[in-house]
Number of protein chains: 2
Amino acid sequence: MSERTTSAVADKPTPTMRDVAQLAGVSVTSVSNYLSDYPYMKQTTRERIRQAIEMLGYVTDERARSLRSGRTGLISLAIPSLTQIYFAELAERVIAAARRRGYGVTVESTAFSRRHELESVAAMARKMSDGLILSPLLMERRDIARLAGDYPLVVLGECLFDVPAPHILVHNIDAVKALTQHLLDAGCRRIALIGGALDRRRTSTETLRTQGYLEALAQADVPVDAKLIRPIPAWETDEEAKDDASGGAGYVGRGIATRRNGSEIVRRMFEEGIKADALLCYNDLLAFGALRQLREMGVRIPDDLRVVSMDNLEEAQYTIPSLTSVELGKEQIAQCAVDAILEQVAGGGRGAAEQRYVDFSIHYRESSPAVA
Amino acid sequence: MSERTTSAVADKPTPTMRDVAQLAGVSVTSVSNYLSDYPYMKQTTRERIRQAIEMLGYVTDERARSLRSGRTGLISLAIPSLTQIYFAELAERVIAAARRRGYGVTVESTAFSRRHELESVAAMARKMSDGLILSPLLMERRDIARLAGDYPLVVLGECLFDVPAPHILVHNIDAVKALTQHLLDAGCRRIALIGGALDRRRTSTETLRTQGYLEALAQADVPVDAKLIRPIPAWETDEEAKDDASGGAGYVGRGIATRRNGSEIVRRMFEEGIKADALLCYNDLLAFGALRQLREMGVRIPDDLRVVSMDNLEEAQYTIPSLTSVELGKEQIAQCAVDAILEQVAGGGRGAAEQRYVDFSIHYRESSPAVA
DNA sequence: ATGAAAGCGCTAACAC
DNA sequence: GTGTTAGCGCTTTCAT
């Protein structure tokens, strides 16, 4: 069917290990050994093989190698979306960490869809990658059973708990507590939680962060005003997510942290006449939108209102004013996740269900300078 | 070495096609045929196979399939960095487009390094993916020879020309011309080009955009002031890039478009006392930094100064003020690139060296509203 | 309509 | 030290 258009000369197929062995006058085993740095080999043999490989321009076919050895040299990374900058920054670091270990990364954007998250899990059975780094967002308790298997797996974040695999977590509660404490120290008493969630039916990053906020207020004996806890409007704009919601029975729609939602939440809060002296945002994206909206309404930051947030995206340094934000340890998460996968690859199967926490740190900027 | 911790029962290895065939009482060929929707098959056979597959929970091993069939179902995407938001947005679309065609995407971040770009090319010989979508940034003319091969390849952007493969390009010159014309129509006469490049020794996105700017000015008989063309400072902060520069003989260091560089260029320009009534930025990232700096210096936008840019990142809607920017067709590029790869996969080899252009459109926002 | 057999290119026992 | 052999799990002629 296909008529390859190559040079007029007879099609020279890509050389195999057999060709190399033949040219070098040795067996394929020796070539294989040579390639895997087998130590017990005569220097002359080694040299002959080296030359043959060079002459033929031989390169290992990783497909064949993977079929035989069971390893593909690929790790799958399943994240909600690369357009959520946090995940783009995380993915970049995962790719870098994997490369350092000689691995490639297949990125699966699950597009805010539970179905796609489950698909990325199911894909592991197809064996095209050695392990899965999964950052679930919409999977549910009942989906945990599908994570069973003996392939290397690492789960990120707070969407799921009790997963049968290493689980990398950030100190959401402590980080938000520290951030809230910072605002309290600065004298704020009406701290709005932009993107907070009082719904405790399921644990999520939102509910954990809300918990940190509540604990800090409780410790400082500052009363909680429920009106200051502003959830992300559900399904504001996202079609894909809507589709997914209709698919999952009993699924409670949750909103997505976007700049637009950040603006919207702030606009509505002010419309309702709710006064605040600080905004603690669920993440930087919401904060960016909030800053934009506050600016439009002529609110002075940090004089009238302090704004703090979480994720410490690169962009946080360039907003007006620059944004005080918590770095939750992207670099560490990436490195830790890749290492956990490779440990499992080396160990020949699924790792223990331990939880690994990474460190956080507050980066103070103009929107809420550190207090003395 | 490895002591798998599984159930006490004997380890049941993942079922192969042979197991399915055995259980269904047919040959492996029939199972294979079933899986590839072979039409001439008795309904009863089909059903027996279906049941066997279901009972065993059989899933095809893509490694084996790929070794035999030559297809891996994976496309490699090599881009400079996911932290450059433009590329994150592009990658997201490539992943989505590939998924629609049943393909996965291996993302290689070449980290602003010529060496990594060449590595992603060399990796194709290893056959772990069916094709490469390459967005080169630092490769040079002399590297083009390395792109020879009969694997599917698509090249994006203006870093390279005369590549032996389909090449997807955006209308850089025309887009900048249109953008410049818009500023001229608005009455601007001193338009600074932030991130422009007068160096014509090699064609690059920067030089093309600069060309569009110059052409528009020439057509309008507006004199060019070389002081208004502000290049990105070379190697401002990037270590990785520095390494690479030292490696490539005769390599001319180029700067990277970052928010920081955008701020810096504007700061220096004002320090030098150079007056402008508009800023045409090489891309949104530079523009974001520029807006930040202008804001700090108390410049009113668009009253004192108009600002326009290219890339139309999501963020452009949320800056203060929101940014007029050109959409260069990310969606179309992604779809076109994936299709071009798949055409080559189907055709059995490298496609012809045609150039495909995608469309652009200006999105007018606060930083430079459309003029009547 | 279905099956037998021959590998895809490599690695891993195990001989020698 | 090096070679022989037996597959990894699948697709693909080619018979029947």
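In what follows, chains carry the letters A, B, and so on, assigned in the order in which the sequence lines appear, proteins first and then strands, with residues in each chain numbered from 1.
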*Would you mind listing every side chain to side chain donor-acceptor pair (under 3.5 Å) that reaches into residues 68-77 of chain A, with sequence neighbours excluded?*
Arg71(A)-Tyr103(A), Thr72(A)-Asp130(A), Ser76(A)-Ser129(A)

*asked:* Going 5' to 3' along DNA chain D, which are the first and last nucleotides with any atom under 4.0 Å from a heavy atom of chain B?
replied: dG9(D) to dT12(D)

_Arg18(A), CZ atom: more than 12 neighbouring heavy atoms under 6.0 Å_ = no

*Which residue pairs pass the ring pair (Phe, Tyr, Trp, His ring centres under 6.0 Å) test with at least one member in residues 40-77 of chain A, sequence neighbours excluded?*
Tyr38(A)-Tyr40(A)

Set of residues satisfying side chain to side chain donor-acceptor pair (under 3.5 Å) with respect to [X], sequence neighbours excluded:
X: Gln51(B); value: Glu47(B)
X: Gln335(A); value: Arg100(A), Asp339(A)
X: Thr29(A); value: none
X: Arg141(A); value: none

*Would you mind checking if Arg114(B) and Glu117(B) are paired as a salt bridge, meaning a charged N to carboxylate O distance below 4.0 Å?*
no

*Contact class for Ser66(B) (heavy atom, under 4.0 Å): base, sugar-phosphate, or nothing?*
nothing

_Candidate pair Lys127(B) and Glu62(A), rule side chain to side chain contact (heavy atoms under 4.5 Å, CB included), full reasoning_ = CA-CA 6 Å; Lys127(B) 314 254 178 95; Glu62(A) 293 289 341; 6.0 Å; no

*Distance from Glu92(B) atom CD to Leu82(B) atom CG, nearest 0.5 Å?*
10.5 Å

*Atom CZ of Arg93(B) and atom OG of Ser109(A): how far apart are they, to the nearest 0.5 Å?*
11.0 Å

*With a 4.0 Å heavy-atom cut-off, tell me which residues in residues 14-41 of chain B come close to DNA chain D, sorted by residue number.*
Thr16(B), Met17(B), Thr29(B), Ser32(B)

*For DNA chain D, find the residues of residues 58-65 of chain A with a heavy-atom distance under 4.0 Å and give them by number; none if there aren't any.*
none

*Could you give all pairs that pass the salt bridge (charged side-chain N to carboxylate O under 4.0 Å, His left out) test and reach residues 345-354 of chain B, with sequence neighbours left out?*
Glu354(B)-Arg356(B)

_With a 3.5 Å distance limit and no angle check, can you tell me whether Gln344(A) reaches the backbone of Leu153(A) through a side-chain donor-acceptor pair?_
yes

*Indicate yes or no for a side-chain donor-acceptor contact from Thr110(A) to the backbone of Ile79(A) under 3.5 Å, with no hydrogens or angles considered.*
yes

*Arg68(B) or Arg46(B), whichever maps to the more 5' nucleotide of DNA chain C*: Arg46(B)

_Roughly what angle, to 10°, lies between the helix axis at the start of the helix from dA1(C)-dT16(D) to dC16(C)-dG1(D) and the one at its end, five pairs per end?_
30°

*Could you list by number each residue of residues 119-131 of chain B showing a heavy-atom separation from DNA chain C of less than 4.0 Å, or answer none if no residue does?*
none

*Show your working on side chain to side chain contact (heavy atoms under 4.5 Å, CB included) between Val94(A) and Val338(A) and close with a plain yes or no.*
CA-CA 7 Å; Val94(A) 168; Val338(A) 168; 4.1 Å; yes

